[in-house]
Amino acid sequence: MFFQVSEHGPIQGQAIHYNVFNKGVSEYAAKRFMNEVKRVYGVVEQYLVKNPSGLYLVGDHYSTADVAFYSWIRYASYLDIDLSVWPKLAKWAETFGAIEEVKEGSQEPPRKQ
């Protein structure tokens, strides 16, 4: 969980900032944060490889770590990142994202008129 809040969230947030919302402002920052996101995805892949089920980041059940990571990983497509590079991560994201409660919780609330 510490890795997610101290590394993954801030890094992917900056990658989206420099590659989507402020594209072209800093090529160095855009490349740096994209490389870091990919490195983080590789670390998550290794955690999933070490888990016998390959379905959970920690132990034998979903936890707040899964929720925290999924909340950012589901936006990998914003960065044109193909999760199939990390097969366990791709399977985890697909499986976790298919849970009805996760689908419901992932919906954007209606905007006030």
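Side-chain atoms of V67 and Y62, non-hydrogen and from C-beta on, never get closer than 4.5 Å to each other. Proximity of L57 to N51: side-chain heavy atoms (C-beta onward) are nowhere separated by under 4.5 Å. The shortest side-chain heavy-atom distance between W86 and I81 falls under the 4.5 Å cut-off. A heavy-atom distance below 4.5 Å is found between the side chains of L83 and I73.
Under the 4.5 Å side-chain contact rule for hydrophobic residues, L55 and V49 do not share a cluster.
With values rounded to the nearest 0.5 angstrom, F69 atom CZ is found 9.5 Å from L89 atom CG.
Residues in residues 84-101 take part in these salt bridge (Lys or Arg N to Asp or Glu O under 4.0 Å) pairs, two or more places apart or across chains: E100-K103.
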For residues 16-25, tabulate all N or O donor-acceptor pairs below 3.5 Å that involve a side-chain atom, not counting sequence neighbours.
{"unit_1": "H17", "atom_1": "ND1", "unit_2": "N22", "atom_2": "ND2", "d": "3.2"}
{"unit_1": "H17", "atom_1": "NE2", "unit_2": "N22", "atom_2": "ND2", "d": "3.2"}
{"unit_1": "N19", "atom_1": "ND2", "unit_2": "A15", "atom_2": "O", "d": "2.9"}
{"unit_1": "N19", "atom_1": "ND2", "unit_2": "A30", "atom_2": "O", "d": "3.2"}

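Contacts of Y28 classified as side chain to side chain contact (heavy atoms under 4.5 Å, CB included), with partners at least two apart in sequence or in another chain: S26, R32. R74 is linked by a side chain to side chain contact (heavy atoms under 4.5 Å, CB included) to Y70, S106, counting only residues two or more places apart in sequence or in another chain. The side chain to side chain contact (heavy atoms under 4.5 Å, CB included) test applied to N35 returns K31, not counting sequence neighbours. Considering only residues two or more places apart in sequence or on other chains, D80 meets the side-chain hydrogen bond (donor to acceptor under 3.5 Å, both in side chains) condition with none of them. Taking the side-chain hydrogen bond (donor to acceptor under 3.5 Å, both in side chains) definition, one finds that W92 meets it with D66, sequence neighbours left out. Qualifying side chain to side chain contact (heavy atoms under 4.5 Å, CB included) partners for S77, counting only residues two or more places apart in sequence or in other chains: none.
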